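This report refers to the structure that appears directly beneath it.
Keep in mind it's a predicted model, so treat the numbers as computed, not measured.
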Amino acid sequence: MRLAVRRSAGQIDWEPTGFHTDQHHRRTDQNMPSVVIVGAGAIGLSAAYHLSRSGCEVTVIDPAPLAAKASGHNAGWLIPSMSTPVPAPGMMGQALRWIMKRDSPLYVTPSLDPRFVDFMLRMLRSCTHRRFREGSATLSKLSADALAAFDELIADGVRFEMHEQPLTMLFTDPHKVEARVNDLELLDGKLPGFSWRHMNPADLRKHLPALSDKVVAGIESEGDRTVDPTSFVHGLADACRKEGVELNLGSSASLVDTGRGVVVRVDGETIRADKIVVAAGAWSNRVLAGIGERVPLVSGKGYGYDYPVGFGGPTKPFYLAEAKVAITPLDTKIRLAGTMGFTEIDERIGFTRAQGILGGVNDYFAGWPEVADAPEPWTGLRPMSPDGIPYVGPLLRHPQVLLATGHVMLGISLAPVTGRLIADLVMGRTRAESIPKLLPSRF
């Protein structure tokens, strides 16, 4: 079903100067800050929207069409209940065990690049129980306000496809059920409107398409949502234009340190701005290279398929735990998304890797999908930090430049929250030192 417009309270409790939803007002004086945003994905456009509504003059630059990259190629899940870091205890061991399996859902593309090796070592150090708990707490703070932020966008007139339905997680391994229950118990009482329950065998038999006999358990949860990510990006872009944001698509931007500040070069033109926001996803380091900056960042490569509706597919969202596949029914398609490959920037389609998603789904559903009739797969490069926590905030050596990337699989979920945080940082409503666990300087 389509989600009705509703507003709900909630804010991130970093400190008293943090998020304030009543701060979105337009300034009319002559000292409006000017901001250039590099990146027109969900994060960049969310920042543009909130900055413009705060009174800033905003320009967004991106060489690609809207929703052409990871912001349009993802599962479309708004999932506060799954806001945990990708680096988790045992994750790297599993990736190494699967390194020779060409269709595995988790893999590492070997590289001798010292920066890639350094990243993987940093990520390995993040795969401890203590760091996983700390990272989960940080992401939970961000995610607690996520759904309310989407409600505010809708109430403001931003239009996109969004659904609220129970999410069913299916398991073929009973040990995985125990691990998920442990994660859910940590969330009890922390996410507004969230609840979950074990599914009994009768519950499981009600699902269509029919489940395979490999499925041993299920957990159903209420309180997460799904969106069509392409419609979300286009809806944000339309809202930004109405707010007076200039969208410069089809142009590449580079940063230059003039010695008196950082400027943006676009098609031979120099643009000066009070603040520059780099929200270029997996390409962010390429943008930062012009000013000699870099953060640990790799691509988390994912794949997906869009099946037409009406061919016996699911009518509500599923997560297939062991296969790591998300199934998202939307108005015009049923989206299958999965895999996580730690790699350098590479947008080529690995068909064997992509088809691993379809094989994984067949382990859970009897006869769906029809692999022989599969549509063309797509890929998206999700920007990832070593600890799985996004980079949000100013650079230490170039505080005029703010970074907003590294959201991995939570880019859509956290886009409005991140955009509002960027606006609060630019406008001085939040101090950078109040969010140390998000700052680029933490590495």
Aromatic rings F150 and F160: how do their planes relate, parallel, tilted or perpendicular, breaks at 30° and 60°?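 Perpendicular: the ring planes of F150 and F160 meet at over 60°.
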Evaluate side-chain contact (heavy atoms from CB on, under 4.5 Å) for V216 paired with D173, printing each intermediate quantity in order. CA-CA 7 Å; V216 298; D173 181 349; over 6 Å; no
Return the [atom1] to [atom2] distance between [X] and [Y], rounded to the nearest 0.5 Å.
X	Y	atom1	atom2	result
S441	L395	OG	CG	8.5 Å
L358	Y303	CG	OH	13.0 Å
H175	E178	NE2	CD	6.5 Å
N200	D203	CG	CG	3.5 Å
M123	C127	CE	SG	6.0 Å
L211	D363	CG	CG	12.5 Å

I'd like to know if the side chain of [X] reaches the main chain of [Y], judged simply by a donor and an acceptor atom lying under 3.5 Å from each other, with no hydrogens or angles considered.
X	Y	answer
K301	D346	yes
S83	P80	yes
S71	A67	no
S143	A146	no
D156	V158	no

What's the verdict on side-chain contact (heavy atoms from CB on, under 4.5 Å) for R159 and I154, showing C-alpha distance, side-chain angles and the deciding distance? CA-CA 6 Å; R159 295 289 174 247; I154 293 174; 4.0 Å; yes
Determine whether [X] and [Y] make a side-chain contact, defined as any pair of heavy atoms from C-beta on separated by less than 4.5 Å.
X	Y	answer
E293	V401	no
V108	F116	yes
T332	P308	no
L381	E347	yes
L139	P390	yes
Y307	P375	yes
S284	L403	yes
P314	W368	yes

Heavy-atom pair with the smallest gap, counting every atom of [X] and [Y]:
X	Y	answer
P329	H163	O-CD2, 4.5 Å
I37	G44	CD1-O, 3.6 Å
P440	P394	CD-O, 3.7 Å
G302	R382	CA-NH2, 3.2 Å
A282	I345	O-CD1, 3.3 Å
H407	L414	CD2-CB, 3.9 Å

Can you list everything that forms a salt bridge (Lys or Arg N to Asp or Glu O under 4.0 Å) with R205? Sequence neighbours excluded, please.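 Partners of R205 by the salt bridge (Lys or Arg N to Asp or Glu O under 4.0 Å) criterion come out as none, since no residue qualifies.
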Run the ring-centre check on F318 versus F365 and record whether the distance is less than 6.0 Å.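 Close enough - the centres of the two rings lie under 6.0 Å apart.
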With sequence neighbours excluded, residues passing side-chain hydrogen bond (donor to acceptor under 3.5 Å, both in side chains) with W196: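 side-chain hydrogen bond (donor to acceptor under 3.5 Å, both in side chains) list for W196, sorted by chain: D188.
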Before accepting this row, confirm whether a basic side-chain N of the pair [X]/[Y] lies closer than 4.0 Å to the acidic partner's carboxylate O.
X	Y	answer
E322	K214	no
D387	R442	yes
D103	R353	no

Derivation of the side-chain contact (heavy atoms from CB on, under 4.5 Å) call for K275 and I422: CA-CA 11 Å; K275 298 290 184 180; I422 288 291; over 6 Å; no
Using a 6.0 Å cut-off, check whether atom [atom1] of [X] has over 12 heavy atoms from anything other than its own residue.
X	atom1	value
K176	NZ	no
L396	CG	no
R197	CZ	yes

Single hit among T226, T328, D224 for side chain to side chain donor-acceptor pair (under 3.5 Å) with W77: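 Result: among T226, T328, D224, T328 is the only option passing the side chain to side chain donor-acceptor pair (under 3.5 Å) with W77.
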Go through the steps to decide whether M169 and V177 satisfy the test side-chain contact (heavy atoms from CB on, under 4.5 Å), and finish with yes or no. CA-CA 9 Å; M169 185 174 290; V177 184; over 6 Å; no
Atom pairs and distances, donor-acceptor, side-chain atoms in residues 229-239, under 3.5 Å, two or more places apart:
residue : atom : partner : partner atom : Å
S231    : OG   : E161    : N            : 3.0
S231    : OG   : D228    : O            : 2.8
D238    : OD1  : R241    : NH1          : 3.2

